[in-house]
2 protein chains.
Amino acid sequence: MLSQKTRYAIRALQHLADHYAQGPVPLTDIAEKQNIPSKFLTVILSELSREGLVATQRGRDGGYWLALSPIDISYGDIVRLTRGSLALVPCASRFAHEQCKNCLPEEECRLHRVMLRVRDEMAGVLDSISLAEQFAV
Amino acid sequence: MLSQKTRYAIRALQHLADHYAQGPVPLTDIAEKQNIPSKFLTVILSELSREGLVATQRGRDGGYWLALSPIDISYGDIVRLTRGSLALVPCASRFAHEQCKNCLPEEECRLHRVMLRVRDEMAGVLDSISLAEQFAV
DNA sequence: ATATAATTCTATTATTTTAATAGACAATAG
DNA sequence: CTATTGTCTATTAAAATAATAGAATTATAT
């Protein structure tokens, strides 16, 4: 499952995509429209900003906006960024590969091989849909 | 991510598949060969037995074995059984559907639609591989 | 019958992760 | 200058996960 935080992050980004190139969107707007606790959203957006996915401006008339065009942000990117990996097990991650705890040696582990397939399929879907797809899917 | 418990469950079942039709396999064997804490495996196997996926016999020479032929147990079945659902968000589950917390109405939620696609792809892979596939993938 | 080897059950504890909140600080527009 | 808005660091709360403990039960061989 995606964590609540990841779900919030995705919906916040969708909201920003909907207002792309319309100037800074204040956090309060996002929180209200998307039904996200605003203090928590603060934490989430600050992280996304540190990661370079959103740009920000402080002060009056400030807010957040996408640092890239919606079409250049895929769901795969977002998930990798917010939870580290698309994979369902640590050893099946392409970019954040690590050994699973208490497992067999990787080359003997059948689960490993199954999960590599699953990860590839998931990547296929998630990397093919961007924030620009309003009615995607 | 799959939980550690789910990973243990899958590897335990794979072990049983490897010894299918060879009589009861004692828990201790599985725990040692698969590197799973034995008391924890106790809990896991009892659950799998209650779910009807493995059969058991107590007492001397007792142990666990698969209640079905390995070819009739898919990875999809196991994941659904141990974590309730294949889906990455509650609202995208086919059999355990529920509303995501703090979300928008489902028909407005774009994440919902994306995640339905992902679930279908995952199901495609996981339901097509069974415990009989030794070198699957 | 009895000893032994095994699972089962219920409860509890420990650990980790996730979610949420608080409050002081910094920047900007007007 | 002041109101508005994001930033940062820390803390707390809550939930999920992982692991353990120990008594009870069952089956088998002898």
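Proteins get letters first, then strands, A, B, ... in listed order; numbering begins at 1 in each. Values reported hereafter were calculated over all heavy atoms of this structure, with side chains retained and with hydrogens, waters and symmetry mates removed.
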In [range], which residues come under 4.0 Å of DNA chain C by heavy atom?
{"range": "residues 59-70 of chain B", "answer": "B:G59, B:R60, B:G63, B:Y64"}
{"range": "residues 76-88 of chain A", "answer": "none"}
{"range": "residues 11-36 of chain B", "answer": "B:P26, B:L27"}

For this session: Answer whether the closest heavy-atom distance between the side chains of B:M122 and A:V125 falls below 4.5 Å.
Result: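 No. Closest side-chain heavy atoms not under 4.5 Å.
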Exercise. Just wondering, do A:S130 and A:I73 contact through their side chains at under 4.5 Å, heavy atoms?
Worked result: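 They are not in side-chain contact.
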Please name all residues satisfying side chain to side chain contact (heavy atoms under 4.5 Å, CB included) with [X], sequence neighbours left out, ordered by chain then number.
{"X": "A:D127", "answer": "A:S74, A:R80, A:A123"}
{"X": "A:R94", "answer": "A:R119, A:D120"}
{"X": "A:Q4", "answer": "A:R7, A:Y8, B:K101, B:N102"}
{"X": "A:A9", "answer": "A:I44, A:L48, A:T82"}

Identify all side-chain donor-acceptor contacts of residues 21-43 of chain B below 3.5 Å with residues at least two apart in sequence or on another chain.
{"residue": "B:Q34", "atom": "NE2", "partner": "B:H15", "partner atom": "ND1", "Å": "3.2"}
{"residue": "B:N35", "atom": "ND2", "partner": "A:C103", "partner atom": "O", "Å": "3.4"}
{"residue": "B:T42", "atom": "OG1", "partner": "B:S38", "partner atom": "O", "Å": "3.3"}

For this session: Can you tell me which residue pairs pass the ring-ring contact (aromatic ring centres under 6.0 Å, His included) test with a partner in residues 92-130 of chain B, sequence neighbours excluded?
Result: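 Qualifying pairs, neighbours excluded: none.
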Problem set entry | Donor-acceptor pair under 3.5 Å, B:R58 side chain vs D:dT25 base |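 Such a pair is found, so the answer is yes.
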Exercise. What's the spacing between A:D18 CG and A:L131 CG if we round to 0.5 Å?
Worked result: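 A:D18 atom CG to A:L131 atom CG measures 9.0 Å (nearest 0.5 Å).
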Problem set entry | OH-CG distance between B:Y64 and B:L16, expressed to the nearest 0.5 angstrom |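 Going from the OH atom of B:Y64 to the CG atom of B:L16 covers 10.0 Å.
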Exercise. With sequence neighbours excluded, what pairs up with A:R58 under the salt bridge (Lys or Arg N to Asp or Glu O under 4.0 Å) test?
Worked result: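 Expected list: none.
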Check the interface with nucleotides 15-17 of chain C: list each N/O to N/O pair with the protein under 3.5 Å, or write none.
none

For this session: Heavy atoms under 4.0 Å is the rule here; annotate nucleotides 14-19 of chain D 5' to 3' with B where the base is hit, S where only the sugar-phosphate is, and - elsewhere.
Result: ----SB
